[in-house]
Each structure stands twice: as C-alpha cells, then as structure tokens.
Amino acid sequence: MGDGAVRAGGPVRTRFAPSPTGEVHIGNVVAVLISASIARKHGGQFFIRLEDTDRSRYQEGAEGLIYNALSWLGIEWDEGPDKGGPYGPYRQSERLDRYRAYTEQLLASGAAYRCWCTPERLDQMRKEQQARKVPPRYDRLCLGKSEAERRALPGFTDRYTVRVLMPTEGQFTFTDAIRGDITFDYATQQDHILVRSDGFPVYHLAAMVDDHDMRTTHIVRGEEWISTTPVHYQVFKAFGWDVPAIAHSPLLLNTDRTKISKRKHPWAKVEWFMEQGFLPEAVVNYLGNLVAFVPDPENPDPSIARELFGLEEIAKHIDLANIGPSGKIIDIPRLEWLNGQYIRRLSLREFSRRVAPFMRDVAGLDQGILSKALPLEQERLKRLSEAPEVLGFFFRDEQYDPKILIPKGLDGQKALEILQASRDAIEDLATEGPSWTAEAIKDALWPLAEALGVKTGQLFGAGTVRAAVTCRLVGPPLFETMEALGVDTVRRRLDAAIERLSLVESAR
RNA sequence: GCCCCCAUCGUCUAGAGGCCUAGGACGCCACCCUUUCAAGGUGGAGAUCAGGGGUUCGAAUCCCCUUGGGGGCACCA
C-alpha cells in the first residue's frame, strides 16, 4: 500500500539505471535503496540497466564501480548486464536496433518528427528566447516539412535528429508516488530530442522504451527528473503503453543546502565513504533513515524510532507515500555515530578483517602487537580510517614535547620521580619472569600512587607514564597498552622519557 | 528570466483535525562511572510546527498568499 499504482498481475519490478560515467553518486544510492526496498517489500525483482548511449561520456571501468558500490552496500540485483535475465540485454548500447524500430514507429504515427536544424541555429534561438524572457523551446521549423523543403531554409544539416511532438495547450498532471499530483502547462514544454544526429537515442526515449520492455512497475529517480516527466509520459502515450508508477526521490544536500556535486564535494561519491572507513551497514542505516521510518519493536509507543536497522527493516517499513520529499542535508556526525555503533558490534575477527586494508601502509606494523592493540581501539573508533593514526605509537616511537610528561597539578621534578619509580617497578617485574600481563603491570604500578602521594589519575592519566609509553596524552587503557607494546618498548620509552625530562629540568 | 518541487528543534525524523503545554535520535551542555580518551548511564538546553490569512467547535496536520530554500530549462543522464 502507498506505493503507487501497481500494474495488475505481474511482479513488482524496479531498477537502477545509471550512466557509466564514473563513480557512483551517493544521491543515486538513495534512489537505489528505495527501488531495491520496494521490490523486496513486494517480493518482486530489482535489476540494473546501464544507460550507456552517450559514448562521449562513457568511462572505462565505471561499470565495475557500479557493481562494486551496490555489492559493498549489500544490495543485490536479480538481473543485470553482468548476470543477464529474461529481458536483456541490459546495456542500452546493445539495444540500439530496438530503439531504431521504435523510432520508426513514432515517425510513422506522427508522434515524432525529423529535425534538420543545426546546433548553431538551435543555440542562437535559445539565446534570443532567453533575452526575450520567454521559455526556451524549439520553434518547430522542421515540423511537417520534407527534407527537401527544409533544405531550402537556413541552418540546415542533413544529419537530422528526431523530436517528440508535444501538445501545446492544456495541462499535464501526473501523480508522483512520493509527492502526489504535479501539474505542468504544456505551453511551457517543448519538443525534446529523442534521437540524436548520430542515431543514438537519448534518455527520454531509451529509458522509457526499456522500462516498458523490461516490465518496470516503479521508476524511482532523483528529483532532478521531475521537469522532464511530461516528455516521458508523452513517449509512453505515443506508444499506447501503460505508464509505470513514478517516484522522485529527495535530493541529498551539503550543509549549506546546495546540491552535492561529484566535482566539488568528495563525499558525493560512494567510494569516499569506503575510503573514510564507514561501514556499509552504517551508510545503509543512515540513508535508510531518510527513506523509511522503523519503529522500535521494543517500545509500545510507535513514535519512538528504532535507531539501528538494515536492509530488511527498510524493505519491511518503506512506503513511497510516506517518504519525505524535501532535500536532506547530509549529517556526517550522525553517520559517524552510527558507524561507531556498528564498529563496536563487530566481532573482533570481523573488525580485524575490516581495518586491515587501512593498516597496509603503517610503518613498522607488527601483526602480534596489532592483534593485541585492535581490541583496545575498537570501541574508540568512529571511522576505520582513524586506525593508522590512533594505533601509530604501537609500532614506532613518536616525537613529543617533554612537557606532556608533566601531569596537571604536579611539577617536573615530581613527574621525574614518578617516571623513575615506574621504571624501577617495571624493571622488577621484568626480572621476575614471564609475567608481562596487564594484570601484573597493574599490580606493580598501582601501589606507586600511594607511595608517591599522587592520584591514580596523575599516575596513569594524561601525563607521566602514559605519555612516556604512548608518546601521547590520550589512548586506550594503559596497562593493556603496555602489555601489547611489550616490556622492551616500555622500558626503552620510559628511559627516553626520563632522560629528556631530566634535560629539560636541569636546564631550568 | 521561465517552469516545477520543498518547508516540524542546528541536523534527520514522529505526527495523516482533538491523544501535542509537539515525541525520538545525532550534535551540544552538565553530572555519574572512570587510569587519559572513548563507550555506557542520568539529566538539561534546544521548535510560538517559516510568516500571514482562511476552513473548522478545534490545525503542525486541510486551502490560499507571501517569504525562504532547492531542482530543471542540452543532439547529458
């Protein structure tokens, strides 16, 4: 219910029809999520079709990026160029003969006509219309003329295009499955080009023909398509076909409410989210929040939302009529929060597997240390990409200002005293034998607080031992960290700290 | 300029005429827990439902206008 008019009989069929021009825009993922979820909700099919009729924009490898993005997100497709299906081929470049036949049909019925105008003439016409502040539209110079008749007039080329004949009067209304009725005056519409002069169809023809042939029941696409919907309906009408339900999904916006563009904004690409160490679960959950409301099953109050959910819940609760049509500002802090939630829920094994790609270039990486360090950092990460920076000190000594060795409320001399006492305790522990465990380290260091008359916070918090051992002020729990680092590194770093701090102190 | 879409806390969202002195989440603030940082727990600030008119006994919810934001105006999708 609420998902628009579904054609009688036949399964619900939705699709993702991207143009293979590069990376996948995150805004497309919203439409994909809606499409795939609607199909799943109704037990139908979701398929991929490549809109590759513009050879000049085609990019090698883009097809793989599309499959990769969907796979990463965990969205499965039933049919596509890669796996075939009953309505293939699923690449428009392989369907050219069909478009040709359909074009002939349109030409024969008079629903479309040839246009021999040069691009220059069209360009000039547009400029004049803009200057006169009237809606730019084709003046129909070629309508009803034979090639010979048209040739006699200026701005002629024999490489013709094909235009759809639009009504010129009255209004056009269609029901958007998300937004409701949308109305246009035909007077503001123009005869769009359906077939380019190189014989290739444009989206307006190819996509509609394919959606009919492939039995698409719901066309879900971005808001930027609203204004060309009258053309698309006209194409369906010209063939006498039923029109699928059409839904225009909300746009994703930057913080300043402008449209996210692949050129200017790195986060426009799905690939950016991968590189930044966002889990696909978090991305799906975040975007899912924009297209479906999932109530908390634990809570009797239906207005309380469930925060963590996946594809299954989205499919269960999605309803086109209830999708908010307004543009959505992308809220990275919320995504990060979700990401943290999912990172913490990963098994250690899975967590290790997922951070591994981010750790590749870490200098001095040691698998033994890493396996001990990872569990300490898992609950602290918002993005997997933070791992190399946050774990860096485990694998190499880092430069730091000796001032960080002095904790709040104490002076350099006291800090030196603490470090020396800790160093001695560590030495004792090391000579005792094979007891280098967090527990043993704690037992050895803990009594020092009382003995030295300082708080445990001053001893193990920001400063002294922590700073010496990790070269930083913040990090995971100290004793576990020391265990992971190993006794040699701890000794070496304590020695270095003592030496440096003494130098500073004696210089005063 | 023309056409179209949109409008509830900073952000996402619940709300389909009375249950709303508007609920939740992120973020923010405070406190608790605590060896730092997180995580977790508790509490708080934060929205005269963009503004103005209607309709109605009653409007965040319906209608109109204004304002603001966005999208489109290609032989790209």
Side-chain angles (χ1 to χ4, degrees), chain A residues 17-19 21 51-54 56-57 115 117-119 122-123 126 129-137 159-163 176 179 182-185 187-190 192-198 200 202-204 206-207 221-230 248 250-251 253 255-259 286 289-290 293 295-296 299 301-307 321-322 324-338 340-341 344 377-382 390 407 442 445-446 449 455-463 465-467 470 472-479:
Chain A
S19 186
T21 56
E51 315 242 316
D52 59 346
T53 56
D54 185 354
S56 65
R57 300 215 316 157
C115 172
C117 291
T118 58
L122 297 174
D123 213 47
R126 230 181 336 260
Q129 288 167 333
Q130 292 269 23
R132 281 183 13 236
K133 298 178 181 175
V134 296
R137 53 198 301 217
R159 295 178 56 85
Y160 65 88
T161 61
V162 176
R163 289 179 183 272
D176 186 297
R179 293 155 204 270
I182 296 177
T183 300
F184 298 84
D185 279 331
T188 62
Q189 301 297 310
Q190 70 159 327
H192 275 87
I193 287 174
L194 256 26
V195 182
R196 297 193 309 243
S197 56
D198 61 6
F200 283 69
V202 301
Y203 176 92
H204 305 316
R221 36 142 74 160
E223 189 183 329
E224 66 271 22
W225 288 106
I226 292 179
S227 52
T228 44
T229 304
H248 291 98
L251 249 28
L253 309 172
T255 322
D256 62 3
R257 291 208 169 273
T258 56
K259 191 185 180 186
Y286 179 82
N289 243 316
L290 308 180
F293 178 77
D296 183 357
N299 201 312
D301 183 345
S303 70
I304 306 296
R306 175 169 178 178
E307 297 303 332
N322 280 339
S326 56
K328 279 88 174 71
I329 290 174
I330 188 153
D331 183 10
I332 297 295
R334 169 152 175 102
L335 211 210
E336 286 183 331
W337 175 77
L338 280 168
Q341 294 293 321
R344 273 169 238 129
E377 212 51 70
Q378 182 172 4
E379 65 175 320
R380 272 160 248 274
L381 289 184
K382 288 197 299 245
V390 121
K442 180 181 181 179
L445 295 182
W446 199 266
K455 294 180 189 160
T456 49
Q458 294 170 315
L459 192 47
F460 311 122
V465 184
R466 169 178 298 279
T470 68
R472 306 176 180 195
L473 285 172
V474 300
L478 186 57
F479 308 124

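Quick note on labels: first sequence line is chain A, next is B, and so on, each numbered from 1. Side-chain atoms are counted along with the backbone in the values below, which use heavy atoms only and exclude waters and symmetry mates.
- Comparing B:C12, B:C5, B:C76 against the side chain of A:Asn289 picks out B:C12 as the nearest.
- Within the 4.0 angstrom heavy-atom criterion, only backbone atoms of the sugar-phosphate kind lie near A:Thr183; the bases stay farther away.
- Map A:Ile182 and A:Leu251 each onto its nearest nucleotide of RNA chain B; the residue landing nearer the 5' end is A:Ile182.
- At the heavy-atom level, A:Pro325 lies under 4.0 Å from the strands shown only through sugar-phosphate atoms.
- Nucleotides B:A59 and B:G51, compared at atom P, are 15 Å apart to the nearest Å.
- At a threshold of 4.0 angstrom between heavy atoms, the contacts of A:Thr188 are confined to the sugar-phosphate backbone, with no base atom among them.
- With a 3.5 Å ceiling on both atom-pair distances, the Watson-Crick or G-U wobble partner of B:U11 is B:A25.
- Looking at A:Ser197, its side chain comes within 3.5 Å of the base of B:C75 through a donor and an acceptor atom.
- Within 3.5 Å, a donor on the side chain of A:Arg380 pairs with an acceptor on the base of B:C37, or the reverse.
- Taking only distance into account, the side chain of A:Arg334 never meets the base of B:U11 through a donor-acceptor pair shorter than 3.5 Å.
- For the pairing with A:His248, the side-chain hydrogen bond (donor to acceptor under 3.5 Å, both in side chains) check across A:Arg179, A:Arg221, A:Glu223, A:Glu224 returns one residue only, A:Arg221.
- Residues A:Lys328 and A:Asn289 form no side-chain contact, since every pair of their non-hydrogen atoms from C-beta on lies 4.5 Å or further apart.
- Taking atom C1' on both B:G17 and B:A22, the two are 15 Å apart, rounded to the nearest angstrom.
- When the P atom is used for both B:U56 and B:A47, the distance is 33 Å, rounded to whole Å.
- Looking at heavy-atom distances under 4.0 Å, A:Arg344 makes contact with sugar-phosphate atoms alone, never a base.
- For B:C3 and B:C29, the C1' atoms lie 47 Å apart once the distance is rounded to whole Å.
- The C1' atoms of B:C5 and B:C9 are separated by 24 Å, rounded to the nearest whole Å.
- Comparing the P positions of B:A30 and B:A38 gives an interatomic distance of 12 Å, to the nearest angstrom.
- Going from the C1' atom of B:A14 to that of B:C26 covers 15 Å, rounded to whole Å.
- Looking at heavy-atom distances under 4.0 Å, A:Leu473 makes contact with a base.
- When heavy atoms are screened at a 4.0 angstrom cut-off, A:Lys442 is found touching no nucleic acid atom at all.
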